[in-house]
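For reference, the structure discussed in these notes is given below.
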Amino acid sequence: MGTAERHGTPGESAAERSRARWDRQAPGRDIPGSEHAGEPGGGEQRQNYRPLWIEEPARRHPLPDPVRTAAVRAVLVIAVTLIQAMVAFLCTLAGSWLAFPMVISGVASTVVATWTVVDVWVTRQVWNQRYGVVSEPSSTARSLRRERRARRRQERAGVREQERIRHTGGAGRLSHS
């Protein structure tokens with residue numbers, strides 16, 4: 001599916017694009033006898049058939065694995081922190097001896113939850129700097145890769161030049177003094 005097919009024309013709605021895609025990809029439309037065999041009016045029902053859902057292509061790319069892992073970890077830690085805060089609040093209302101330890105652990109969990117959220121942000125930034133190339137001429141990652149390739153090319157050319165000098169340097173000499 002090309003870009004023009006994916007985006008459709010400007011005046012075309014998402015529902016129209018989905019319906020057109022469904023019509024193109026509908027299974028069994030060209031197979032004879034694939035309609036409801038033996039049912040009266042099976043062909044009519046097949047024409048009016050609508051699927052429960054139509055899969056749309058994702059508008060954004062999914063998160064990279066390290067970022068997704070950090071995000072899941074952050075969500076779990078935040079959920080535990082919220083549960084601890086609720087238990088601490090309820091223990092305080094009940095006048096239980098467990099209220100003070102729960103408040104202390106809730107404060108510690110809040111620090112850890114903040115750290116995990118910062119970890120998600122840092123992991124995302126690091127991933128984007130290492131692997132993300134924005135399709136723009138001003139992309140930092142692209143220019144860094146270009147510089148790295150040029151450096152490697154120069155190093156290989158220098159090594160080849162040294163090899164050439166070494167191989168041709170001794171030619172024509174009569175003695176090795």
Side-chain angles (χ1 to χ4, degrees), residues 1-29 34 36 39 42 45-149 151-152:
M1 172 185 298
T3 306
E5 290 173 325
R6 189 177 315 120
H7 294 296
T9 59
E12 190 177 26
S13 71
E16 290 170 345
R17 286 194 305 269
S18 296
R19 185 68 193 160
R21 189 177 317 117
W22 171 254
D23 289 341
R24 272 198 315 270
Q25 297 174 348
R29 291 214 173 183
S34 67
H36 303 281
E39 291 182 18
Q45 285 181 339
R46 185 65 179 163
Q47 287 177 348
N48 295 331
Y49 172 75
R50 280 185 42 192
L52 292 176
W53 66 83
I54 297 171
E55 291 193 25
E56 291 286 332
R59 295 202 191 286
R60 295 178 6 168
H61 296 292
L63 288 174
D65 286 340
V67 179
R68 188 179 317 120
T69 303
V72 168
R73 187 182 319 121
V75 167
L76 291 174
V77 169
I78 290 169
V80 168
T81 302
L82 289 174
I83 290 170
Q84 278 184 330
M86 189 176 7
V87 168
F89 176 72
L90 292 174
C91 286
T92 303
L93 287 180
S96 172
W97 64 271
L98 201 56
F100 182 70
M102 286 305 295
V103 168
I104 297 299
S105 70
V107 170
S109 291
T110 303
V111 172
V112 172
T114 305
W115 181 260
T116 59
V117 170
V118 170
D119 180 49
V120 172
W121 181 69
V122 168
T123 305
R124 182 174 170 270
Q125 295 299 323
V126 167
W127 196 93
N128 281 337
Q129 285 182 357
R130 285 186 185 163
Y131 306 109
V133 175
V134 182
S135 294
E136 296 176 2
S138 63
S139 171
T140 306
R142 179 176 290 169
S143 62
L144 290 175
R145 283 191 180 139
R146 192 178 301 130
E147 291 170 9
R148 209 176 316 137
R149 280 195 302 263
R151 233 181 293 123
R152 274 192 242 128

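Please read all numbers here as calculations on a predicted model, not as lab measurements. Here, residue 1 is the first one in the sequence, and each next residue gets the next number.
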* To do: Mind jotting down which residue pairs meet the salt bridge (charged side-chain N to carboxylate O under 4.0 Å, His left out) criterion with at least one end in residues 89-102? Sequence neighbours excluded, please.
  =>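 Matches after skipping sequence neighbours: none remain.
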* salt bridge (charged side-chain N to carboxylate O under 4.0 Å, His left out) partners of residues 100-109, not counting sequence neighbours, each pair once -> none
* **Pairs meeting criterion side-chain hydrogen bond (donor to acceptor under 3.5 Å, both in side chains) with involvement of residues 89-98, two or more places apart** => none
* **Thr123 side, atom OG1; Asn128 side, atom CG - distance, nearest 0.5 Å** => 11.0 Å
* Applying side chain to side chain contact (heavy atoms under 4.5 Å, CB included) between Val72 and each of Thr69, Leu76, Val75, report the one that passes. =>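 Exactly one candidate clears the test, Leu76.
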Taking only residues two or more places apart in sequence or in another chain, which ones pass side-chain contact (heavy atoms from CB on, under 4.5 Å) with [X]?
| X | value |
| --- | --- |
| Val118 | Val122 |
| Ala71 | Val120 |
| Leu63 | Val67, Arg68 |

* **Non-neighbouring partners of Thr81 that pass side-chain hydrogen bond (donor to acceptor under 3.5 Å, both in side chains), sequence neighbours left out** => none
* Structure fact -> Sorted by chain and number, sequence neighbours left out, side-chain hydrogen bond (donor to acceptor under 3.5 Å, both in side chains) with Ser109 holds for Gln84
Nearest atoms (heavy-atom pairs only) where [X] meets [Y]:
| X | Y | answer |
| --- | --- | --- |
| Ile54 | Pro51 | CG1-CG, 3.8 Å |
| Arg145 | Arg130 | NH2-O, 3.6 Å |
| Ala99 | Ala88 | CB-O, 4.5 Å |

List the atom pairs, donor and acceptor, that lie under 3.5 Å between side-chain atoms in residues 110-117 and the rest of the protein, sequence neighbours left out.
from: Thr110; atom 1: OG1; to: Gly106; atom 2: O; distance (Å): 2.7
from: Thr114; atom 1: OG1; to: Thr110; atom 2: O; distance (Å): 2.8
from: Thr116; atom 1: OG1; to: Ala113; atom 2: O; distance (Å): 2.7

* Report the residues that fulfil salt bridge (Lys or Arg N to Asp or Glu O under 4.0 Å) with Arg73, sequence neighbours left out, ordered by chain and then residue number. =>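 Partners of Arg73 under the salt bridge (Lys or Arg N to Asp or Glu O under 4.0 Å) test: Asp119.
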* Asked: With sequence neighbours excluded, what pairs up with Trp121 under the ring pair (Phe, Tyr, Trp, His ring centres under 6.0 Å) test?
  -> none
